[in-house]
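These notes concern the structure reproduced below.
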Amino acid sequence: MDILRTEGLTRQYGTGQTMVTALDHVDLQVERGQFVAIIGASGSGKSTLLHLLGGVDRPDGGKIFVEGVDIATFGEERLAQYRRRKVGLIYQFYNLIPTLSVKKNICLPMLLDNKEPGKERFDDIVRTLGLEDRLEHLPGQLSGGQQQRAAIGRALIYQPAILLADEPTGNLDRKNTEEIISLLKLSNRQYKQTILLITHDESVALEADRIIKIEDGKIISDKAVRP
Amino acid sequence: MNIIREYSLDQVRKNRRTSVSIIVAVLIASTFLCTLLVFAQSFWNQMVQQEIYIGGDWDAELMDVPADRLGMVRDNAGVKAMFVKGDNQTAFLPEGTALPCLLIQNCDSGYWDAMYEKNMLLRGRIPQAPGEVVVSKDFFLQNPAYGIGDTLAVEIGSNVRTHMEENRQKDTASLTIVGELDVSVSSGYEGYLAYGFMEPEELSPDSEVVVYLQMERRGKVYMAVPQIAEAIGLPKDEYGDYPCRYHAALLAWHGVYAAGSFFQSDVPKLFFGLLLAAGASMAVFAYIIRGAFGISAKQKIHQLGILKSVGAGPKQIGRTVIYEACILSVIPILLSMILGYFFSVGVLSAYSSMASEVFGSRMEVSFSPAAALMAAVLSFVTVLLAAHGPAKQMSKILPIEAVRREQYSIAMCGRTSKKAKSHPILAKHFGFLGEIAANSVNAGKKLYHTCMVTLSLCMLLAFGFLAVFTASDISNSQAENRNHFDVNITLGTGERIDGELLAELKAVPGVQETSVYARANCAVWFSGSDQSAEFLQAGGFDAADGYIVERDGRYRVTCVLVGMEQDAYESVLREAGAEALPESSAIIVNSVAKNPGARDYEAMQETVPYLNLRQGQRVELTEKCSDDTQGDYEFAVDVAAVIPSMPKIGLAPSFYTLPVIVPMEEYYAIIGNFSDEMEVYNYRNYVNYAVPDGMDEEIQGEAERICSAYLGSSDFMASSKTERMRNRGRMTGATMFVVCSLAALFGVVGISSVLSAILNSLGQRRKEFAMLRSVGVDEKGIRRLLGMEGFLLSVRPILIGLPLLIIVCAAQCYMMGVPIVEFLCAFPVWALLMYIVLVLLVINGIYMLVSKKIRDDVIVEAIKDDTV
């Protein structure tokens, strides 16, 4: 069953002669619980696709159905709610709020909804991420790997149906890369979350169920790695 | 704590530099608004106190109230307090005094407390018990044997105006003189003015008194007082009004107006002026502070993008800016109450010192809790207005653009959206670095926009006002130079001016020419056919909209009835080749301005014959010169002569006004029939002197000495060209001091926002400078680059402000008919140059100081990406 589907998804930047088409009528379907890797050269449009799916950018054309609802038609408030509750976004450069503690950074989507996470779930995530003794620290006091784990915690806290990761290991060493990928796979298995992961690393891509290759804003290959 | 509030508080703590810059901007804005309200309240208080000082603290006056009905007035629920004056007596003095009697007006204790007569006490004290009196200064002047504390054995009669009648009843009494008052009464009364004390309860029931009222609800005074008059059975006059009067000037300051008089009063205009000034200041400060919030928002745009990408809604993002505004405004707004007060005390004290000689009193600073609350609310609204823009802007950003910090470059700076401009002149003279400097300043245009506008505004405000005053001064001097007379005296006692006083004034030595006249407004109705052909050609009555009223084909022309002394009147007649008519003889000045709208003085003075009037014609006039005039006395004059221009007596009638000159005796006979209020007003006499150069102040002093011997100090006013010029200089200096003080506050905000913007800009460009250094630009090159940037930045407010200032100056010169050369000679160009140099020094100074850190940066550290 599709959790995510795009129809003719298009995104352009600039105007006139300087206009660049980052995504060009992309049609894509992702099933619930699938772990999808998106690969492609720099500037191919893979990050743009992820940002549009995450509701942090607006398409110039086409539709984005998430659980059967077109998010491209959402107003600002509803889109913000979607970002809070339906998707978790993980960036290459962690993007934590430097003035908030690790604990608050992880809980941020729920706190924005004026909610507190259940203690059991929070402890479970923190334990899995190995951040139990770093919760009151500020992001600047953590290593790169720890910061990325905190960012993953933030993406997981609301138990979103979809996890979108934009080169989450691009800034990490091999050991941390392996740990992060393991965490994502665990999350995929344990919480049945659908994961879309952008990567340059072929070995990382091979961990996914399916690999999509994008070039010049178009999907040029879509292969299932494992059933 | 709500996460958005917590985040905002953390940001305020973390971004100290930006927070301090916002706090300074809010502090100055709040101080300005607080100062404005302190000024307004102090001015209002001064006006109210001045009105009470000269007119007394009462709302309404009921005349001819029988003493047995005073209780009814006092017990009326609408009356807060009641004061009584009346039971007038004539006290016949013992033999040997210069004049035979004291004309006593008795007042109760409330009257003495609330009314103005106590302020005219020269020596001693006010009466506190029956039998005590204060007497006018001329009593002591003419009877030096008497002093304060002396007891007089007198015979008492009643009613001041009939004291000369012989068949009256007299009682003996003894009066103790307890003080001397600066008042006088016409010598026609053959007595000295005196004030005594009375207990209203002891008045005989049939005596009539004047009652002054303070109302419980001042706003209802115009409704309540006629009801009180009706309730106590006072009769109406011939106009259908009860014998009551209102303290309209004081009531107006309290916002209470008679029906239809709201727009005629100056108070609403001043109030709207204040509203306008407060609104404009709030708008300007909101704009200035907006820049500071904008910088702060830009600094955390990346974090706001993160918040948005994890689900913060647009309202929550907007709230981060609003919360920041609230957190940062509390302390400066509270602090501004103290600063504003002390700033006002300083400015108003200095203003008072400069202007007190002109006004005769000092302005006290007033600041009530209500004004403080109002200032705080206005300041807070200003801050919210300022934060609203950036809040809205931030709430609209796309999360991914903010995360990538693209918004900064796309929407705020335009760095990437536009092509880099070429700067051939800078490139030629300063090479590659010159071009980089110009591009950087261009790229930061929006960032520096607020600072530029603020500094330009500061320049425009201070020097614009100076231009207005300069042009006004030149215009006044021109008008003064055109004035034939050097010393002007106004005498107004509410009665016919003493002939002896006028005779003495006319005999002042050293005077080359004297004119004495009195004037009263009246009107005449003409038909369209009465207009002269020349006047018709110039537009006629139809072109005089606002001056001439048309009703049923008849036109009401305002006249000024001028009373001239008999010899002067006959002299004018002789010059016109005419003779006085046996009765109601009048000279008509039949001319009207051909171009009343002309700016040039000479063009404005050009006249044409006004009406088809001829010698021997009878002209019917009426006291009712406007619909509001209460009296409607009608009278006729026979035209003895029609002359083309106004005799040089120092009177310049308004446009479309027809001067009707009559002998002084005839003038008094006519105004004697006017309504009471207008009769009293029109008894004023105007005496003008032409004197040799440099003697005007000396002769003014002599005239004042003579007037003081006859009149109370409030009954006359003398001024001279030299004194007026000096006072204008003092007032200009005092007003400019206030304006420049307020403009200086704008300047401080401007400099503070410049500092903040430069710090922010250079902080963000550390990487750029490190990169330049990494490719070989040395320390001297960086200094040169920053020096050029500083210079280009500092000339902008001057390039914006200077043309605007020139427009203001040119407009002023045009409107006031002042020649440019004369204006430039009087305008303090040196002060403008000083301001320009100061702006250049300050901005360049800040630039060089903050750029030192850039030069000290370790290249590799500055180049490293510090993104968390």
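Here the structure is a predicted model, which is why all the values come from computation and not from measurement. Naming convention: chains lettered A, B, ... in sequence-line order (proteins, then strands); numbering from 1 in each chain.
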Notebook entry, point to check: Side chain, backbone, both or neither: which part of B:Lys396 has a non-hydrogen atom closer than 4.5 Å to chain A?
Noted result: neither
Quick one: pull up [atom1] in [X] and [atom2] in [Y] and give me the separation to the nearest 0.5 Å.
{"X": "A:Leu108", "Y": "B:Ser309", "atom1": "CG", "atom2": "OG", "value": "9.0 Å"}
{"X": "A:Met110", "Y": "B:Ile3", "atom1": "CE", "atom2": "CD1", "value": "13.0 Å"}
{"X": "B:Leu398", "Y": "A:Asp57", "atom1": "CG", "atom2": "CG", "value": "5.5 Å"}
{"X": "B:Ile400", "Y": "A:Leu50", "atom1": "CD1", "atom2": "CG", "value": "9.0 Å"}

Check: Please walk me through it: do B:Val403 and A:Val56 pass side-chain contact (heavy atoms from CB on, under 4.5 Å)?
Finding: CA-CA 10 Å; B:Val403 168; A:Val56 293; over 6 Å; no
Notebook entry, point to check: Should B:Leu307 and A:Ile97 be marked as a side-chain contact (heavy atoms from CB on, under 4.5 Å) after you check the CA-CA gap, both sets of side-chain angles, and the distance that decides it?
Noted result: CA-CA 8 Å; B:Leu307 278 175; A:Ile97 302 291; 4.0 Å; yes
Non-hydrogen atoms of [X] and [Y] that approach each other most closely:
{"X": "B:Gln11", "Y": "A:Thr99", "answer": "NE2-OG1, 3.3 Å"}
{"X": "B:Pro314", "Y": "A:Ala80", "answer": "CD-CB, 4.4 Å"}
{"X": "A:Pro98", "Y": "B:Gln303", "answer": "CG-NE2, 3.3 Å"}

Residue part contacting chain B, namely of [X], when any heavy atom lies under 4.5 Å:
{"X": "A:Asn114", "value": "side chain"}
{"X": "A:Leu89", "value": "side chain"}
{"X": "A:Arg58", "value": "both"}
{"X": "A:Tyr91", "value": "side chain"}

Item checked: Heavy-atom side-chain proximity of B:Val310 to A:Arg83 below 4.5 angstrom -> no
Next item on the list: Output the option from B:Lys14, B:Gln316, B:Lys300 having the highest count of non-hydrogen pairs under 4.5 Å with chain A.
Entry: B:Gln316
Item checked: Largest heavy-atom contact set with chain B, pairs under 4.5 Å, which of A:Asp113, A:Leu100, A:Leu112 ->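 Of the candidates given, the most pairs with chain B belong to A:Leu112.
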Next item on the list: Identify which of A:Lys86, A:Gln81, A:Glu77, A:Arg78 forms the greatest number of heavy-atom pairs closer than 4.5 Å to chain B.
Entry: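 The residue among A:Lys86, A:Gln81, A:Glu77, A:Arg78 with the greatest pair count is A:Glu77.
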Check: Do B:Lys308 and A:Glu76 sit within salt-bridge range, that is, some charged N less than 4.0 Å from a carboxylate O?
Finding: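 Answer for the salt bridge query: yes.
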Notebook entry, point to check: Heavy-atom count around A:His25 NE2 within 6.0 Å, excluding the residue itself: above 12?
Noted result: no
